[in-house]
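So the structure is just underneath, and the comments pick up after that.
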Amino acid sequence: MFDAMFLAILVGAGLIVISAVTSLVAFRIGAPLLLVFLVIGLLAGEDGPGGLQFSDASVAYFIGSLALAVILFDSGFNTRFKSLRSAAAPALLLATVGVVATAALVGVAAHFLFGLSYLEGFLLGSIIGSTDAAAVFFLLRVGGVTIRDRVRSILEVESSSNDPIAILLTTALVDLLVASKGAAGLSWEFAWQVGEQMGLGLALGVGGGLVMAAGINKLNLEAGLYAVVTIGAALLTFAATGLVGGSGFLAVYVAGLIAGNAPARGMASLRRFMDGLTWLCQIVMFLLLGLFATPSQFPQAVVPGIGIAVVLMFFARPVAVWLCLLPFRLRQQEIAFIGWVGLRGAVSILLALLPIIGGLPNGQTFFNVTFLVVLTSLALQGWSLRPVASRLGVVVPPALGPLEKIQLELPGTARHELAVYHIVPDSPVAQGQRLPRWARPSLIIREGNSMRLHDAGRIQSGDYVCIFAAPRLMPLLDRLFASPVPIPPEDPLFFGQFTLDPQQPIGLVARSYDMPLPRDPDMSVGEFIRRRLAGHVEIGDRVGLGGIDLIVREIDGSGLPRVVGLHLGSDDEPRLNWPFFLNWHDLKAAARAWWRTRRTHAEPMEPASPTSPRAEDSRSV
């Protein structure tokens, strides 16, 4: 008995270590890391060289659900309210209406292409309707590509919050099919059931997050126990919500969102613990789902799997994204990029276990098709993210170069943080820039010796400086101690050919370039940009003014543009000659322009009278 136990631990731990080490290869070749985990699980399975047999769908779903609950809690825990505010409306619309629209479009396609009933097609669409938070976070944060802040925030918030909706739809539809109610079961009772689960999940998630944040601050525990209590409370919220009929996955995400944004003791160590635990959960979930899959059955599902993947990536997801983002002032290229970054992952495969557990006749087919869709999505969309982002012009050059910083929290609930910077040779402070009073170090470590600022003299390259500062000042400190990345003048695509003073009136800019005057021509350029972006201004944001673009180059401490670039257009600018992905405001402008052109061509030309200049000219000829 003990030999079998040790063998199971040996194999499981070995697979986890192999998966973690292969991340080095994934980083080097640019492969989506989660695809690597999934392939390792397939190779270790019964049809691979490993030959391990695992076919218990209930156990796989149980372990996967626990891992997913931890991943969703961490997703909410690391989502800042600032990012949520700037992207809340479009992201939450994508996470709700977008998931339903994607599922419906995939369901209709599955009905006509492969003969599934509408309800079965809708179930398949619900299973693959949500994007994978782990895949999106990895590619956007670790993949080495810097996307415009608002676009990145929309994708991160959407991928973090759309799983509960897909889970609700899938579980409800499986129950309908198991009860043999058919499409007639899609009644107000069904809608009420889904709404009740969402409402309970939201309410209990908020309550659980508030209790969690308050409890961490009041309990006087050993430092290592705060993380244990937090993750235990998260799973408690998940389980309790599920027992009363709510959505545990929505509750645990909301609880993480509330707790992660509340001031609490031990937050830095808690984040490090959650980071490692989340990676472990992702590896375990992907390995387990890879082990459960049977590749020898895939040939029968290749045609429907690839067909559904094509419909999803090139039709259902882009159309759903476009419809959801119509009301928002996002550029055509940004909407197209969001439509492409819809990676599917472990959540879809996990949901594909439910038809098997429910005993549906096509349960294994649902699983195999979903597995192939996920493989295709991770391979095609994951590998193409960088070139697609560059082609659509949503990449922003990094404003800072090398930056080595250790950030520590002070005990209790102090409002200051301790940051330790390693000075790089070409940083502004190493080049002699004077430090403001609020940025003077409390301690300098040079060649292993600790000294105060007045003893150390001028800060030198290679020094370690320790600074106490408020969290809002950390981005300003980064600019002082990091290596700056200048904007190359020969590449004006991202930040414009010229710079503008944001205090200048917008009407002056419009008249100078013969553009339509805004409603308030005396408004400053900076205020014009702020209003067009609904108060959420980020570096790299672009605002159209007729045929030119105003681009945010730098932001001041109050969040307003400090330097604005002017882009007049060029042959190298990424353009989409498609009548799609235009927002509602661009569509109205295009419709007005088309109507004016049509009226101009439709007006009949007046016949020339004998005394008109045209008639005299014709007679002279």
Side-chain angles (χ1 to χ4, degrees), residues 57-58 60-62 64-65 68-69 95-131 161-202 238 241-251 292 301 304-305 307-308 311-312 316-317 320 344 346-371 373-374:
S58 298
Y61 185 77
F62 172 74
S65 296
L68 180 58
T96 52
V97 178
V99 170
V100 176
T102 301
L105 292 172
V106 170
V108 172
H111 170 74
F112 286 104
L113 291 177
F114 308 112
L116 295 177
S117 68
Y118 281 112
L119 200 59
E120 289 177 324
F122 193 28
L123 172 60
L124 179 60
S126 301
I127 290 172
I128 62 175
S130 67
T131 57
S161 56
N162 62 6
D163 291 335
I165 306 302
I167 294 168
L168 281 173
L169 286 176
T170 303
T171 53
L173 289 170
V174 168
D175 290 341
L176 285 180
L177 288 170
V178 169
S180 301
K181 293 183 178 179
L186 296 174
S187 60
W188 286 110
E189 182 181 354
F190 174 82
W192 175 260
Q193 178 186 0
V194 173
E196 183 182 29
Q197 291 184 40
M198 290 183 63
L200 286 172
L202 182 62
F238 168 73
T241 306
L243 283 175
V244 298
S247 171
F249 294 103
L250 178 60
F292 183 84
I308 291 298
V311 170
L312 174 67
R317 163 76 178 181
R344 269 55 190 175
V347 176
S348 297
I349 303 177
L350 184 68
L351 292 179
L353 293 171
L354 290 176
I356 298 177
I357 297 173
L360 295 182
N362 295 324
Q364 190 64 43
T365 301
F366 278 115
F367 181 85
N368 294 336
V369 169
T370 301
F371 204 99
V373 169
V374 171

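Note that the coordinates shown come from a computational prediction; the quantities given were computed from them, not determined experimentally.
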Measure the spacing between CG of L119 and CG of L124 and express it to the nearest 0.5 Å.
-> 12.0 Å

R317: partners by salt bridge (Lys or Arg N to Asp or Glu O under 4.0 Å), with sequence neighbours left out = E158

Closest non-hydrogen contact found for V374 with S348 is CG2-CB, 4.0 Å

Would you list the pairs meeting side chain to side chain donor-acceptor pair (under 3.5 Å) in which at least one residue belongs to residues 96-105, sequence neighbours left out?
-> none

Only counting residues at least two apart or in another chain, list the ones meeting side chain to side chain contact (heavy atoms under 4.5 Å, CB included) with A101.
-> A320

Flag side-chain contact, heavy atom, 4.5 Å: L353 against F292 = yes

With sequence neighbours left out, what residues match T131 under side-chain hydrogen bond (donor to acceptor under 3.5 Å, both in side chains)?
-> N162

Output, in order, the C-alpha distance, side-chain angles, deciding distance and verdict of side chain to side chain contact (heavy atoms under 4.5 Å, CB included) for L168 and L250.
-> CA-CA 9 Å; L168 281 173; L250 178 60; 5.6 Å; no

Please name all residues satisfying side chain to side chain contact (heavy atoms under 4.5 Å, CB included) with F114, sequence neighbours left out, ordered by chain then number.
-> V303, P304, I308

Excluding sequence neighbours, so at least two apart, what forms side-chain hydrogen bond (donor to acceptor under 3.5 Å, both in side chains) with N368?
-> Q297, Q364

Side chain to side chain contact (heavy atoms under 4.5 Å, CB included) with V347: of D163, I128, I127, only one passes, and it is D163

Using residues 104-111 as the side-chain source, report each donor-acceptor pair under 3.5 Å to any protein atom, sequence neighbours left out, with the distance given to one decimal.
from, atom 1, to, atom 2, distance (Å)
H111, ND1, L116, O, 2.7

Identify, with sequence neighbours excluded, every residue that meets side chain to side chain contact (heavy atoms under 4.5 Å, CB included) alongside A166.
-> V99, S130, L351

Could you grab the distance from atom CG of L173 to atom CD of E120, nearest 0.5 Å is fine?
-> 11.0 Å

Could you tell me which non-hydrogen atom of M198 sits nearest to which non-hydrogen atom of I165, and how far apart they are?
-> CE-CD1, 3.5 Å

With sequence neighbours excluded, what pairs up with F249 under the ring pair (Phe, Tyr, Trp, His ring centres under 6.0 Å) test?
-> F238

From the options T370, I167, L68, T170, select the one residue that forms a side chain to side chain contact (heavy atoms under 4.5 Å, CB included) with L350.
-> L68

Of all residues at least two apart in sequence or in a different chain, which pass the side chain to side chain contact (heavy atoms under 4.5 Å, CB included) check with L360?
-> L123, L177, V178, P355

Which heavy atom in S126 sits nearest to a heavy atom in L169, and how many Å separate them?
-> OG-CB, 3.7 Å

